[in-house]
Amino acid sequence: MLRNEPKITPELVAEHGLKPDEYQRILELIGREPTLTELGIFSAMWNEHCSYKSSKVHLRTLPTQAPWVIQGPGENAGVIDIGDGLAVVFKMESHNHPSYIEPYQGATTGVGGILRDVFTMGARPIACLNALSFGDPSHPKTRHLVSGVVAGIGGYGNSFGVPTVGGQTRFHTRYDGNNLVNAMAVGLARSDSIFYAAASGVGMPIVYLGSKTGRDGIHGASMASAEFGADAEEKRPTVQVGDPFAEKLLLEACLEIMQKDCVIAIQDMGAAGLTCSAVEMGAKGDLGVTLDLDRVPTRETGMSAYEMMLSESQERMLMVLKPEKEKEAEDIFRKWGLDFAIVGETTPSKRFVIRHGGEVMADLPIKELGDEAPVYNRPFVESPKLPVIKPGDVKAPMSAADALLKLVGTPDLCCKRWVWEQYDHIILGNTVQRPGGDAAVVRVEEGPKGLAMTTDVTPRYCEADPFEGGKQAVAEAYRNLSAVGALPLALTDNLNFGNPEKPDIMGQFVGCVRGIAEACKALDFPVVSGNVSLYNETNGRAILPTPTIGGVGLLADFTRSVTLAFKNEGDVIALVGATAGWLGQSLYLRDICGREEGAPPPVDLAAERRHGEAVRELIAAQRINAAHDISDGGLLVALAEMAMASGRGARLDADTGAMPPPAFWFGEDQARYVVTIPPAQADDVLARLRAREVVVRTLGTVTGTALVIAGETPLPVARLQAAFEGWLPAYMAGPAT
Amino acid sequence: MRSAVLVFPGINRERDMARTLKIVSGNETAMVWHADTALPAGTDLVVIPGGFSYGDYLRCGAIAARSPIMDAVRAHAAKGGLVLGVCNGFQILCESGLLPGVLMRNQQLKFICRDVYLRVERSDTPFTRGYNAGQVIRVPVAHGEGNYIADGETIARLESEGRVLFRYASPDGIIDPDWNHNGAINAIAGILNARGNVLGMMPHPENHVERIIGSTDGRGLFAGLVQHFDKAA
């Protein structure tokens with residue numbers, strides 16, 4: 001018989017984030033009042049983060065299959081086959097709320113968690129990326145948050161020993177009280193030795209590995225201590241503390257015991273630590289699990305079962321071992337100086353039983369904990385359509401050259417060197433294309449294959465039209481990968497939204513997911529892993545809808561990837577894709593004209609695919625020597641980025657025709673690239689593109705050290721570089737607030 | 001050239017270093033665990049690679065410097081054997097007393113990863129014979145604590161004895177605070193011990209040995225060492 005102390009009151013249920021009808025469901029499932037430990041376990045398993053209760057019905061619509069997909073969503077990370085017996089394991093996850101409360105530790109534990117997701121599956125991490133959204137630069141907390149988050153991401157990845165090769169950093173007032181930290185990790189494994197969470201076999205030892213369990217990160221740690229017991233325990237901060245050194249040891253030890261064939265199943269302890277990992281291993285394997293908490297290595301004395309089951313202490317793993325390999329596995333962990341303890345076993349009962357101090361503290365049906373979590377099809381309203389802004393509706397307040405100079409020095413478009421120089425982006429010796437390009441390129445082992453990776457999303461498009469914005473996020477990731485010559489293979493999504501209980505926010509979510517699904521289908525670019533972060537609101541104001549897409553692509557020969565930098569004097573500059581001069585939701589309209597307005601550019605997925613294929617083919621055939629995706633800021637910003645990356649200028653004598661110059665130079669029409677072609681090849685390349693029904697036109701020539709736009713004062717590349725490089729360091733050097 | 005790369009818990013550039021030694025020398029490298037007490041017989045070169053030994057939670061390199069294997073490294077150095085410490089390896093050499101001075105936090109108080117230019121001050125050492133004196137090479141740095149300092153007397157001795165092998169410089173080889181990213185005194189990037197057989201340096205030559213991955217400017221250091229031992233053999 002389980003002891004029910006304290007008594008479960010409606011207040012206690014509410015403090016655990018469970019709704020009255022959800023609690024009713026628990027009572028029906030177990031046929032009695034739960035213990036406090038059991039209530040804690042239910043709240044951990046049934047919260048939004050673990051159960052995906054608001055998002056599940058929509059996530060099911062995402063395409064997740066392709067011949068090269070080994071494992072789609074549902075495991076620690078997605079897995080794709082890249083040939084030669086190798087698989088790529090990757091996922092992106094958010095750590096938004098902790099990073100706002102304590103930016104350094106919040107960011108470190110975000111990186112630590114995603115790295116564990118990847119090496120839990122048997123992969124050695126080879127790269128990290130991230131996508132960061134901060135509030136307006138003038139907001140008093142922004143500088144402090146940027147500084148802490150960036151140092152935290154670097155602090156963890158640099159010490160762990162994985163290169164952080166790419167990412168995004170944006171600023172917008174809608175993230176003022178709610179910055180976003182999305183971290184992505186990519187690992188490499190043998191495709192025939194991927195490790196999964198599902199336990200198998202009855203009576204198998206369950207082993208606890210890694211760091212000790214403490215009181216950090218316990219859900220509801222702010223609850224009155226009297227309800228936990230009489231001891232006057234001091235209150236602990238709820239943000240976990242990352243230890244990259246422990247994680248590096250855990251990585252090496254895990255990979256070593258995997259190689260020695262000791263492991264049946266493995267699961268990292270992330271959100272809701274011991275609870276979530278043990279339930280998943282049992283439920284996925286149709287087995288029960290019994291845990292004896294007296295054997296769990298703890299950092300402090302007097303921890304209750306409740307605290308141990310809900311602790312989110314970092315750098316821990318749970319593993320089902322082959323019994324005959326116990327000694328061998330233990331020796332490996334001891335060698336690395338890590339805790340190793342057998343804390344339980346698998347049972348035939350399909351029950352989740354927790355013992356502590358000689359008492360049964362929880363006895364729950366394991367399948368129902370996961371499978372019977374509430375699922376909501378929440379009401380939603382579609383976002384209203386915004387009017388289309390025509391090229392002629394926008395008057396130019398300044399010359400194109402002046403607007404360009406201003407744009408490259410804005411918070412969103414400026415160089416993020418200040419950020420990525422704090423990340424070791426070269427360790428492991430395989431970084432072919434470093435941060436600052438369309439996508440990072442990393443050599444696979446000794447080559448010749450290479451992987452390209454990117455993170456992308458345009459939240460202002462998603463806000464203005466969730467469906468088109470969702471499409472665009474996928475299309476831009478596809479374009480980023482294509483621009484370096486990589487075939488896009490699969491993506492991970494990190495869906496950051498506000499409160500799903502508000503129909504308009506739910507409408508943003510549903511619209512974005514529909515858009516993502518449509519683009520994935522059209523581009524053969526399936527979703528293999530992901531994460532949902534809801535309730536990103538402060539004082540009733542939601543963040544911009546931010547479905548970050550992390551894309552991975554494959555290069556058959558990494559030496560053939562191209563960068564965006566202009567290469568040679570005299571190269572012909574060509575624009576791939578049609579220009580309608582779309583200024584709605586453009587950065588020109590926002591940052592030059594002060595108008596955040598209009599419908600965002602529509603995304604023609606057939607054109608995206610056609611143009612992407614054409615560019616990749618030209619790169620593989622070594623017919624073009626630079627390529628760059630056109631996105632934020634439009635054509636002229638893309639050209640400026642190519643110039644700044646090389647120090648070379650260009651003569652741009654393109655005839656803009658009847659189109660007003662701002663629309664031509666700064667419109668954000670999709671499915672476009674700038675490429676440069678050696679002059680002797682230009683006619684042939686243009687003919688090849690036209691033969692594939694790709695719209696293409698020449699814009700001018702790479703020459704000199706200034707951008708010379710017909711009819712405007714020449715703009716020295718050095719001046720552009722000064723504006724581009726200047727903003728972020730100057731901002732960060734500003735006074736602390 | 002028979003080389004041994006030391007592995008302390010938290011070291012993370014050991015694979016980069018072993019791969020580079022293989023690429024340049026053609027030989028496999030022995031990986032030596034911190035708890036071992038002896039180097040493999042016949043070791044020519046001991047390398048202490050970069051990383052965050054023991055998390056660098058104490059002073060960088062302080063715990064590793066007291067590991068069992070370090071007695072064997074001291075003995076190797078005392079016999080005139082060559083020792084190369086890069087980044088955390090340099091910090092460990094300073095902490096172990098094999099090199100003078102200390103590496104403080106970067107002047108900007110931030111971790112910095114970027115390519116830097118080094119002026120090679122001498123070419124008449126086993127470590128730099130692959131370069132010309134005055135040559136400028138481009139190699140990456142990746143550290144938060146690389147700001148070299150020692151007392152005035154030590155610095156004066158290092159300088160007068162020609163024991164500064166690498167200095168941060170402009171691409172034209174000019175010593176200039178703008179090109180000294182961590183604020184090291186006299187722009188010191190790498191130093192020798194008095195006997196000339198132990199080198200510590202902050203930059204990572206092992207990460208620039210292939211044209212397609214950065215540059216080949218770091219290759220000279222390893223190629224020079226291979227020549228040194230070939231000649232000796």
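Within every chain, numbering begins at 1; the chains are lettered A, B, ... in the order of the sequence lines, protein sequences first and strands thereafter.
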Review point. Which bit of B:Glu210 is near chain A, if near means a heavy-atom gap under 4.5 Å: side chain, backbone, both or neither?
Key: side chain
Exercise for review: Report, by ascending residue number, the residues of residues 102-118 of chain B in heavy-atom contact with chain A at a distance under 4.5 Å; give 'none' if the set is empty.
Suggested key: B:Lys110, B:Phe111, B:Ile112, B:Cys113, B:Arg114, B:Asp115
Practice item. Please confirm whether the backbone N or O of A:Asn158 pairs with a side-chain atom of B:Asn12, one donor and one acceptor, at under 3.5 Å? Key: yes
Exercise for review: Sort out for me which of A:Gly154, A:Ser147, A:Ser159 touches chain B most, counting heavy-atom pairs under 4.5 Å.
Suggested key: A:Ser159
**Study point:** From OG1 (A:Thr559) to CZ (B:Arg211), nearest 0.5 Å
**Key:** 8.0 Å
Exercise for review: Check whether any side-chain N or O of A:Arg443 sits under 3.5 Å from a backbone N or O of B:Ile212 as a donor-acceptor pair, and report yes or no.
Suggested key: no
Review point. Going by heavy atoms in the side chains, are A:Asn430 and B:Arg19 under 4.5 Å from each other?
Key: yes
**Study point:** Portion of A:Leu428 that has a non-hydrogen atom of chain B nearer than 4.5 angstrom
**Key:** both
Practice item. State whether the number of non-hydrogen atoms from other residues, nucleotides or ligands found under 6.0 Å of B:Arg59 atom CZ is greater than 12. Key: no
Review point. With sequence neighbours left out, which residue pairs that include part of residues 24-41 of chain B fulfil the salt bridge (Lys or Arg N to Asp or Glu O under 4.0 Å) condition?
Key: B:Lys22-B:Glu28
**Study point:** More than 12 heavy atoms of other groups within 6.0 Å of B:Arg15 CZ
**Key:** no
**Study point:** chain A contact residues among residues 141-148 of chain B, heavy-atom distance under 4.5 Å
**Key:** B:Ala142
Point to revise | Contact origin within B:His204 toward chain A - heavy atom pairs under 4.5 Å | key: neither
Exercise for review: For atom CD of A:Gln259, decide whether the heavy atoms of other residues, nucleotides or ligands shown that lie under 6.0 angstrom number more than 12.
Suggested key: no
Point to revise | Greatest number of heavy atom pairs closer than 4.5 Å to chain B - which of A:Ile426, A:Val162, A:Leu249 | key: A:Ile426
**Study point:** Residues which pass ring pair (Phe, Tyr, Trp, His ring centres under 6.0 Å) with A:Trp727, listed by chain and number, not counting sequence neighbours
**Key:** A:Phe171, A:Tyr731
Exercise for review: Specify which of A:His425, A:Glu252, A:Gln422 makes the most heavy-atom pairs with chain B at under 4.5 Å.
Suggested key: A:Gln422
Point to revise | Proximity breakdown for A:Arg434 and chain B, heavy-atom pairs closer than 4.5 Å | key: side chain
Review point. So, do A:Lys248 and B:Phe52 sit near enough that their side-chain heavy atoms are less than 4.5 Å apart?
Key: no
Exercise for review: Heavy-atom distances under 4.5 Å only: say whether B:Tyr54 touches chain A with side chain, backbone, both or neither.
Suggested key: both
